[in-house]
2 protein chains.
Amino acid sequence: MLTKKKKRWDDIPGCSLEAALNVIGGKWKGVFLFHLLDGTMRFNELSRLAQGASPRLIVKQLRELEEDGLVNRKVYAVVPPKVEYSLTEEGHSLHNILHALSEWGDLWVDNHPVEPVTKP
Amino acid sequence: MLTKKKKRWDDIPGCSLEAALNVIGGKWKGVFLFHLLDGTMRFNELSRLAQGASPRLIVKQLRELEEDGLVNRKVYAVVPPKVEYSLTEEGHSLHNILHALSEWGDLWVDNHPVEPVTKP
DNA sequence: CGGTATCCTGGGAGATACTG
DNA sequence: CAGTATCTCCCAGGATACCG
């Protein structure tokens, strides 16, 4: 039997905001969740969203989202293999937050242009 | 003269959501921002929020928030020293998001009780 | 009081190769 | 197609000590 790993936010007792950020704050989790709002996606589609990320990381992020109850993983017993990812109801409950974050980030990026690295 | 560091989200072009998460996603940033919504706080007060964190980290998080335009740092030329942190307007624009995250996290934590580590 | 200055470590993430 | 399996590197974050 499996020995359950401690949750990643165990050491932040009582802080629900930190818990939320830990759940959605992984490198690509926000992106995945956001795009999954529009419907199910396959592994390769998600990979394309995470340009340059190795499969290892993509799998890890998806597995954590699954463990945390935000994402469903449905495996079809066909060949070639087919796996579909979709949001659980809990995942969909992030809809407003994800859109708010996206809009806020949009404004923020506009107001904070990336300055070209100044020559010494 | 200073050579500007590349922004931490330089390698995630076009993704405003990731930008947002990078800005508010530091270890204690969410907590600091959330509590600063209620008014200015001094360094020591913020330290107390981040139980167990070393000053080095607290300073770093605050400096990054400052750099990112979310937090003001006001130094009073008195003795003993007094420094007050407060939110900029941009920081306050996170009000709804921070509260939404906090509430969502609250629910999530309720639905995902930390299971005691199962004995092998 | 509000920080610096050092030193150090864990694990998050990258790169590459292989497989059912 | 949808992943494992290794190996490695880097740096966010921790620990401790000291300072104006």
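Lettering follows sequence order; numbering is per chain, from 1. Computed from a predicted structure; not experimentally measured.
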C/dA13 phosphate, OP1 or OP2, under 4.0 Å from A/Q61 side-chain N/O: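 Affirmative; the distance criterion is met.
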N/O (side chain, A/K60) to phosphate O (OP1/OP2, C/dG12) under 4.0 Å: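 A/K60 to C/dG12 OP1/OP2: side-chain N or O found under 4.0 Å.
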Integer-rounded Å distance: [N] [atom2] and [X] [atom1]:
X	N	atom1	atom2	value
B/N22	C/dG12	CG	C1'	14 Å
B/K74	C/dG2	NZ	P	15 Å
B/K27	D/dA15	NZ	C1'	14 Å
B/L57	C/dT9	CG	C1'	15 Å
B/L49	C/dG2	CG	P	14 Å

Residue pairs fulfilling salt bridge (charged side-chain N to carboxylate O under 4.0 Å, His left out) with at least one residue in residues 84-101 of chain B, sequence neighbours excluded: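 Qualifying pairs: B/K82-B/E84.
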Nearest-nucleotide comparison on DNA chain C, the residue closer to the 5′ end among A/G52 and B/P80: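 It is B/P80 whose nearest nucleotide is closer to the 5' end.
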Where at least one partner belongs to residues 63-94 of chain B, residue pairs that pass ring pair (Phe, Tyr, Trp, His ring centres under 6.0 Å), sequence neighbours excluded: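 Counting only pairs at least two positions apart or across chains, no ring pair (Phe, Tyr, Trp, His ring centres under 6.0 Å) contact touches residues 63-94 of chain B.
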Pair listing, ring pair (Phe, Tyr, Trp, His ring centres under 6.0 Å) test, anchored in residues 32-64 of chain B, at least two apart: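 Sorted pair list: B/F34-B/H99.
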Pairing residues for A/E66 by the side chain to side chain contact (heavy atoms under 4.5 Å, CB included) criterion, not counting sequence neighbours: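 Here the qualifying residues are A/R63, A/R73.
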Side chains of B/L70 and A/W108 in contact at under 4.5 Å (non-hydrogen atoms):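 B/L70 vs A/W108: side chains touch.
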Flag side-chain contact, heavy atom, 4.5 Å: A/L17 against B/L33: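 No, side chains not in contact.
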Every protein N/O lying under 3.5 Å from an N/O of nucleotides 2-5 of chain D:
| unit_1 | atom_1 | unit_2 | atom_2 | d |
| --- | --- | --- | --- | --- |
| D/dA2 | OP1 | A/R42 | NE | 2.9 |
| D/dA2 | OP1 | A/R42 | NH2 | 3.0 |
| D/dA2 | OP1 | A/V83 | N | 3.3 |
| D/dA2 | OP2 | A/N44 | N | 3.2 |
| D/dG3 | OP1 | A/R73 | NE | 3.2 |
| D/dG3 | OP1 | A/R73 | NH2 | 2.5 |
| D/dG3 | OP2 | A/Y85 | OH | 2.6 |
| D/dT4 | OP1 | A/R63 | NH2 | 3.0 |

Those residues that, when tested against A/S93, pass side chain to side chain donor-acceptor pair (under 3.5 Å) (two or more places apart):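 Testing A/S93 for side chain to side chain donor-acceptor pair (under 3.5 Å), a comparison that skips the adjacent residues, returns B/W104.
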Bending between helix ends of the helix from C/dC1-D/dG20 to C/dG20-D/dC1 [5 pairs per end, 10° resolution]: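 Computed from the C1' atoms at both ends, the axes differ by 60°.
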Side chain to side chain donor-acceptor pair (under 3.5 Å): pairs with one or both residues in residues 37-50 of chain B, sequence neighbours excluded: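 For residues 37-50 of chain B: none.
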With a 3.5 Å cut-off and sequence neighbours excluded, list the donor-acceptor pairs that the side chains of residues 54-62 of chain B form with protein atoms.
| unit_1 | atom_1 | unit_2 | atom_2 | d |
| --- | --- | --- | --- | --- |
| B/Q61 | OE1 | B/K27 | N | 3.3 |
| B/Q61 | OE1 | B/W28 | N | 3.0 |
| B/Q61 | OE1 | B/K29 | N | 3.4 |

